[in-house]
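Notes for the one structure printed next.
Labels below follow one simple rule: chain letters A, B, ... track the order of the sequence lines, proteins then strands, and each chain is numbered from 1. Please read these numbers as outputs of a predicted model, since none were measured by experiment.
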There are 2 protein chains.
Amino acid sequence: MQAYKDVAKFGAPAAATIEVVAGVDLPGFTMTFSRNEEIFGEEEPADFIYRVVEGVARTVRILSDGRRQISAFHMAGDVFGLEMGEAHRFTAEAVSQCKIALIRRPALERVVERDISAARKVWALTSRDLHDAQDHLLLLARRSATERVCTFLLDIAARSVRGDMVDLPMSRLDIADYLGLTIETVSRTLTQLEREGTIGLPNCRQVVLRDRPAIARDAA
Amino acid sequence: MQAYKDVAKFGAPAAATIEVVAGVDLPGFTMTFSRNEEIFGEEEPADFIYRVVEGVARTVRILSDGRRQISAFHMAGDVFGLEMGEAHRFTAEAVSQCKIALIRRPALERVVERDISAARKVWALTSRDLHDAQDHLLLLARRSATERVCTFLLDIAARSVRGDMVDLPMSRLDIADYLGLTIETVSRTLTQLEREGTIGLPNCRQVVLRDRPAIARDAA
DNA sequence: CGTTGCATTGAAATCCCTCAAGCGAGGTGG
DNA sequence: CCACCTCGCTTGAGGGATTTCAATGCAACG
């Protein structure tokens, strides 16, 4: 618990039973983090695994010269910070104010040692992350700015069930660092799509998917 | 065995005991594949897992318009084609002529159901792949052509223990598709590094790492 | 000895980035 | 209540890294 000694900073942890994955419930506690607050740091011992209860988190890597890359956004229900090694390989931060459930890793390890089906479900989490990373890889390696942005919009839309109105919980900088672009290119691409009538931009945190087929086409 | 009915095409499979990971030995068989031959296809049922015995394989994804991305090169000892789902998510091909060990997936599943420590080792394979993918992600998102090529050279060098002389088993096109560049950019970057005296290029399939510190610096 | 398949090189074009300014919403204080 | 500030987003102009297109080189092979 070292990292969270100073609980005043984070809001009081609340003990609870956390469903890590379907059918695997473990004792844990929830904490709230404010916008941009660090949840855990790269290289820190991976003593917990984390599950988003409310809000959105991001996992980030930063190069020495400041170039930043967001590997994933984590929405309600997503598990992150699961490691086989001793240390975290990313920094995790709150995108918006969020409530996060923490599960002590030894507790998870114990269940995994005993229960094959639980072990399988935990493995599936890693496998899922791998698939996402591989899709992301293809995106970054071979897709144009427009394709990246459109893919991103469809992805976010699929993860937040709101019809054609999509809320973007993250800033343009976050989107840019996720897509391997600059903030300006993201902005220009969005306004370009708006000019073509493909999307609407009532404000900078909301997108209306006016022409999904066109977006899907652009997402290639 | 449907996919490999036509064994004549591949060379006769040879039954053997395969070490999937340290301490997990399973019955399987080896087959040889010639340069550029397909080992398995995307969307095909994932009935086997694969381990490189000799040579090098690649896992590939292709977009409808022909853009290609290589997610990884697999060298001697590497396991690939491990899926939790029903189907492969990549195409796998032989980079050079290679000998591949195939393990029937049900055999693996049985061991994983019984033996927790084996399950853990198999999970570690997925976890390792995830780490590699995440490093690759950062490379593609935020690094320049020179940085990518230098990182690649160091990576290959680390995987083939030969001092400062590195053999490149793959073509320029393979390197380009792995690094998210074009073949011309890879070629230009290499000749640039040669002109600076950082590397030597006795021929297009061999690289001499003349100044490792400089390469490491360029790899950022 | 021509063919074929990479690899290299050059010139031009393009896409995205960099730098710089302007805009707008939200918050603060006079 | 409004001026002012701040922060994030947008927009523009210019530049640069990488791609594209095209030609040449080179080694292996029949």
Side-chain angles (χ1 to χ4, degrees), chain A residues 34-36 58 63 65-70 95-97 139-150 152-153 167-196 199-207 218 220, chain B residues 34-37 58 63 65-70 93 95-97 139-150 152-153 167-196 199-207 218 220:
Chain A
S34 51
R35 204 163 123 68
N36 293 326
R58 63 179 175 248
L63 295 179
D65 61 359
R67 286 177 290 183
R68 194 177 82 134
Q69 208 250 334
I70 294 182
V95 169
S96 55
Q97 169 156 335
L139 183 86
L140 295 179
R142 290 297 177 209
R143 303 193 115 115
S144 70
T146 307
E147 289 170 342
R148 293 182 202 193
V149 170
C150 288
F152 175 75
L153 290 177
D167 279 298
L168 301 178
M170 68 291 288
S171 69
R172 293 289 185 271
L173 183 60
D174 280 347
I175 299 174
D177 286 343
Y178 178 70
L179 297 178
L181 300 169
T182 60
I183 179 178
E184 294 95 332
T185 300
V186 171
S187 183
R188 274 188 259 266
T189 305
L190 286 172
T191 56
Q192 176 64 21
L193 290 168
E194 185 186 28
R195 242 179 253 133
E196 292 166 0
I199 63 170
L201 289 170
N203 64 66
C204 71
R205 288 303 182 109
Q206 294 197 302
V207 180
D218 277 348
Chain B
S34 51
R35 204 163 119 70
N36 293 326
E37 194 170 17
R58 61 178 174 248
L63 295 178
D65 61 359
R67 285 176 292 181
R68 195 177 82 135
Q69 208 251 333
I70 294 182
E93 297 159 345
V95 169
S96 54
Q97 170 157 333
L139 184 86
L140 294 179
R142 290 296 176 209
R143 304 191 114 113
S144 71
T146 307
E147 289 171 340
R148 292 182 204 195
V149 170
C150 288
F152 175 75
L153 289 177
D167 279 297
L168 300 178
M170 69 291 286
S171 69
R172 292 288 184 272
L173 182 60
D174 279 346
I175 299 173
D177 286 343
Y178 178 70
L179 296 177
L181 300 170
T182 60
I183 178 178
E184 294 94 333
T185 300
V186 172
S187 183
R188 274 188 259 266
T189 304
L190 285 172
T191 56
Q192 176 65 20
L193 289 169
E194 187 187 26
R195 241 179 252 132
E196 293 165 1
I199 63 169
L201 288 169
N203 64 65
C204 71
R205 288 304 181 108
Q206 293 195 305
V207 180
D218 277 350

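Every residue was checked against the side chain to side chain donor-acceptor pair (under 3.5 Å) condition with A/Arg35, not counting sequence neighbours, and none meets it. With sequence neighbours excluded, the residues forming a side-chain contact (heavy atoms from CB on, under 4.5 Å) with A/Thr146 are A/Ser144, A/Cys150, A/Thr189, A/Leu193, A/Asp218, listed by chain and number. In this view, B/Glu194 satisfies the side chain to side chain donor-acceptor pair (under 3.5 Å) rule with no residue, not counting sequence neighbours. Considering only residues two or more places apart in sequence or on other chains, B/Asn36 meets the side-chain contact (heavy atoms from CB on, under 4.5 Å) condition with B/Arg58. Not a single side chain to side chain donor-acceptor pair (under 3.5 Å) links B/Ser187 to another residue, sequence neighbours left out. Looking at residues two or more places apart in sequence or on another chain, you find a side-chain contact (heavy atoms from CB on, under 4.5 Å) between A/Leu173 and A/Arg68, A/Ser171, A/Asp177. Taking the side-chain contact (heavy atoms from CB on, under 4.5 Å) definition, one finds that B/Gln97 meets it with nothing, sequence neighbours left out.
Judged by distance alone, with hydrogens and angles left aside, the side-chain atoms of A/Arg172 form a donor-acceptor pair with the main-chain N or O of A/Cys204 at under 3.5 Å. Side-chain atoms of B/Arg148 come within 3.5 Å of backbone atoms of B/Leu179 as a donor-acceptor pair (strictly under, hydrogens ignored). Checking side-chain atoms of B/Asp167 against main-chain N and O of B/Pro169 turns up no donor-acceptor pair under 3.5 Å. The main-chain N or O of B/Arg67 is never found under 3.5 Å from a side-chain atom of A/Arg142 such that the two would form a donor-acceptor pair.
Summary of the strand contacts: B/Thr146 and A/Val186 both lie near DNA chain D, and taking for each the nucleotide with the nearest heavy atom, the more 5' one is attributed to A/Val186.
The phosphate of C/dA7 has neither OP1 nor OP2 within less than 4.0 Å of any side-chain N or O from B/Ser187. Within the structure, every side-chain polar atom (N or O) of B/Arg188 is placed at least 4.0 Å from both OP1 and OP2 of D/dT20.
The distance from atom CZ of A/Arg205 to atom C1' of D/dC7 is 11 Å, rounded to the nearest whole Å. When the P atom of C/dA25 is taken as reference, atom CG of A/Leu201 falls 14 Å away, rounded to whole Å. As rounded to whole Å, 18 Å separates atom C1' of D/dT19 from atom CZ of A/Arg143. Atom CD in A/Gln192 sits roughly 13 Å away from atom C1' in D/dT11 (whole-Å rounding).
A/Ile183 and A/Ala176 get closest at one heavy-atom pair: N-CB, 3.5 Å.
Sorted by first and then second residue, the salt bridge (Lys or Arg N to Asp or Glu O under 4.0 Å) pairs involving residues 179-189 of chain A (not counting sequence neighbours) form an empty list.
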Between N or O atoms, less than 3.5 Å apart, protein on one side and nucleotides 20-22 of chain C on the other: list the pairs.
none

So which protein N/O to nucleotides 12-15 of chain C N/O distances come out below 3.5 Å?
none

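Within residues 167-183 of chain A, the residues approaching DNA chain D are A/Ser171, A/Arg172, by heavy-atom distance under 4.0 Å.
Among the protein residues, A/Arg67 comes within range of no part of the nucleic acid, since none of its heavy atoms lies under 4.0 Å from any strand.
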Quiz item: Tell me, for nucleotides 25-30 of chain D in 5' to 3' order, what letter each nucleotide earns: B for a base near a protein heavy atom under 4.0 Å, S for only sugar-phosphate near one, - for neither?
Solution: ------
